[in-house]
**Q** 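Structure provided below as structure tokens; questions to follow.
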Number of protein chains: 2
Amino acid sequence: MSDEFCSCDIVHENVIEMVRKKMPQEEKLYDLAELFKVFGDTTRVKIISALFEAEMCVCDIAELLHMTQSAISHQLRVLRQARLVKHRKEGKVVFYSLDDEHIKTIFNQGLEHILEPRGFEYAIS
Amino acid sequence: MSDEFCSCDIVHENVIEMVRKKMPQEEKLYDLAELFKVFGDTTRVKIISALFEAEMCVCDIAELLHMTQSAISHQLRVLRQARLVKHRKEGKVVFYSLDDEHIKTIFNQGLEHILEPRGFEYAIS
DNA sequence: TGCTCATATGAACAATTGCTCATATATTAA
DNA sequence: TTAATATATGAGCAATTGTTCATATGAGCA
């Protein structure tokens, strides 16, 4: 109980210790959150969703999403840094495509969660 | 080409149209981003990761993560609203546990992406 | 009833983020 | 080289977000 992070008395020490031992390293969980943060933006989700269908150049994506070339370019940078997309240069044009097999699974599972029938018990009892 | 969202001339109309037809509805992509936004925070990732191992009360989670009861409670609310955790009341104590089969798959795929060997081509060409 | 404990929640503040605007870089063509 | 085009990028700003602090709710107990 040592340090006081909680005003409560009922701390199940055994559970806490067991969980602490089994949990992944802090660094990995941080990286995982960073990855999901990349997926957590509508524009980036749309870009990824588009690249599932075809390789596209920056200009095409901008036109498709009715957004600025600059805005798209900035977001593509984020996706590149997360190693989620790769690029191919052809003259002045840069074509982007997906660079990871896991994205599809993650997206599909996410969509399945969304499509699940909603219960009626939202609030806490 | 109609509206100008991009200063470029080289727009591959056929690709854009094909992709536009195949992409999921805008609303679903929005919801998907909202879901990933929930995963995109270290504290919430840690909470979920802990709940993979055992059902826990608010106080235990706070102690485990060395964080305030208030901070944990706020984040649990976000997880509840996303229908990712469920709760069970036992007297004054509220126990939380995971409420979705897809989370595990999403997490595992995310971890696999992170563990992939990194290439050395970060910057653009 | 009144007290205590476990949890929930509202307000406020600092930090982060996505877009815009202006500009830089790189490639092709004249 | 100069001009034009496709993309990248830095600064700045508005909007969002996670935490803290104070307080509310609600259940068990004296």
Side-chain angles (χ1 to χ4, degrees), chain A residues 1 4-12 15 30 33-34 36-47 55-82 85-97 122-125, chain B residues 1 4-12 30 33-34 36-47 55-82 85-96 122-125:
Chain A
M1 214 152 301
E4 279 297 320
F5 294 104
C6 180
S7 54
C8 316
D9 284 340
I10 305 199
V11 175
H12 309 83
V15 175
Y30 177 82
E34 288 300 304
F36 289 132
K37 210 170 279 179
V38 175
F39 291 122
D41 173 77
T42 314
T43 302
R44 289 192 293 266
V45 162
K46 285 181 187 169
I47 293 176
E55 176 191 65
M56 294 180 86
C57 73
V58 180
C59 193
D60 288 347
I61 301 174
E63 187 67 24
L64 173 71
L65 304 184
H66 301 300
M67 289 182 68
T68 304
Q69 171 269 322
S70 177
I72 299 299
S73 205
H74 275 294
Q75 298 300 358
L76 283 170
R77 190 156 86 102
V78 176
L79 293 173
R80 252 184 304 156
Q81 285 172 340
V85 301
K86 60 188 172 199
H87 59 281
R88 176 178 71 82
K89 232 171 183 169
E90 198 171 287
K92 284 175 291 190
V93 184
V94 180
F95 289 95
Y96 281 87
S97 57
Y122 284 166
I124 191 161
S125 82
Chain B
M1 214 151 305
E4 278 299 321
F5 293 103
C6 179
S7 54
C8 315
D9 285 341
I10 305 197
V11 175
H12 308 83
Y30 177 82
E34 287 301 304
F36 289 133
K37 211 171 277 179
V38 175
F39 291 123
D41 173 78
T42 314
T43 301
R44 289 192 293 266
V45 162
K46 284 180 187 169
I47 293 177
E55 176 190 64
M56 295 180 86
C57 73
V58 180
C59 193
D60 287 348
I61 301 174
E63 187 68 23
L64 173 70
L65 304 184
H66 301 302
M67 288 182 68
T68 304
Q69 171 269 323
S70 178
I72 299 298
S73 205
H74 275 294
Q75 298 300 358
L76 283 170
R77 191 156 84 101
V78 175
L79 293 173
R80 252 184 304 154
Q81 285 172 338
V85 301
K86 59 188 173 197
H87 60 278
R88 176 177 70 82
K89 232 170 182 170
E90 197 170 286
K92 283 176 290 187
V93 185
V94 179
F95 289 95
Y96 281 87
Y122 282 167
I124 191 160
S125 88

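Here is how names work: the chains are called A, B, and so on, in the same order as the sequence lines, proteins then strands, and each is numbered from 1. What you see is a predicted model; the values in this text were computed from it and never measured.
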**Q** Can you tell me if the side-chain N/O atoms of Arg80(B) get under 4.0 Å from OP1 or OP2 in dT9(C)?
**A**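 For Arg80(B), the contact criterion (side-chain N or O under 4.0 Å from OP1 or OP2 of dT9(C)) is met.
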**Q** Can you tell me how far apart NE2 (His12(A)) and CE (Met56(B)) are? Round to the nearest 0.5 Å.
**A** 9.5 Å
**Q** What is the distance, rounded to the nearest whole Å, between atom CD of Glu90(B) and atom P of dG28(D)?
**A**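 Between P of dG28(D) and CD of Glu90(B): 10 Å.
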**Q** Take nucleotides 18-26 of chain C nucleotide by nucleotide from the 5' end and write B, S or -, depending on whether a protein heavy atom sits under 4.0 Å from the base, only from the sugar-phosphate, or from neither.
**A** SSBBB----
**Q** For a quick test of reading the model, state the closest non-hydrogen atom pair linking Ile47(A) to Leu79(A) and the distance between them.
**A** CG2-CD1, 3.8 Å
**Q** Nearest whole Å is fine: how far is dA8(D) P from Ile61(A) CD1?
**A**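 About 10 Å, once rounded to whole Å.
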**Q** Any chance you could measure Arg77(B), atom CZ, to Arg80(B), atom CZ, to the nearest 0.5 Å?
**A** 7.0 Å
**Q** Relative to each other, are the rings of His87(A) and Tyr96(A) parallel, tilted or perpendicular (30° and 60° limits)?
**A**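 Rings of His87(A) and Tyr96(A): tilted, as their planes differ by 30° to 60°.
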**Q** Measure the distance from CZ on Arg77(A) to C1' on dT7(D) and round it to the nearest whole Å.
**A** 13 Å
**Q** Could you say whether Val58(B) or Glu34(A) is positioned toward the 5' end of DNA chain C, judged by the nucleotide with the nearest heavy atom to each?
**A** Val58(B)
**Q** At their closest point, which heavy atom of Val38(A) faces which heavy atom of Ala82(A), and how far apart are they?
**A** CG2-CB, 3.9 Å
**Q** Let me know the distance between NE2 of His87(B) and P of dA27(D), rounded to the nearest Å.
**A**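 Taking atom P of dA27(D) as the reference, NE2 of His87(B) is at 12 Å.
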**Q** So Arg88(B) and Glu55(B), do their side chains get closer than 4.5 Å, heavy atoms only?
**A** yes
**Q** Just report the end-to-end axis angle for the helix from dT1(C)-dA30(D) to dA30(C)-dT1(D), five pairs per end, to 10 degrees.
**A** 10°
**Q** Can you measure Gln81(A) atom CD to dT17(C) atom C1' for me and round it to whole angstrom units?
**A**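 Rounded to whole Å, this separation is 14 Å.
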**Q** Kindly compute the distance separating CG (Leu76(A)) from CD (Gln81(A)), expressed to the nearest 0.5 Å.
**A** 11.5 Å
**Q** For residues 68-75 of chain A, which side-chain donor-acceptor pairs fall under 3.5 Å, sequence neighbours excluded?
**A**
from: Gln75(A); atom 1: OE1; to: Arg44(A); atom 2: NH1; distance (Å): 2.8

**Q** Would you say Lys46(A) and Thr42(A) make side-chain contact, with heavy atoms under 4.5 Å?
**A**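 SC-SC contact between Lys46(A) and Thr42(A) confirmed.
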**Q** Can you tell me if the side-chain N/O atoms of Tyr96(A) get under 4.0 Å from OP1 or OP2 in dA8(D)?
**A**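 Looking at the OP1 and OP2 atoms of dA8(D), one of them is under 4.0 Å from a side-chain N or O of Tyr96(A).
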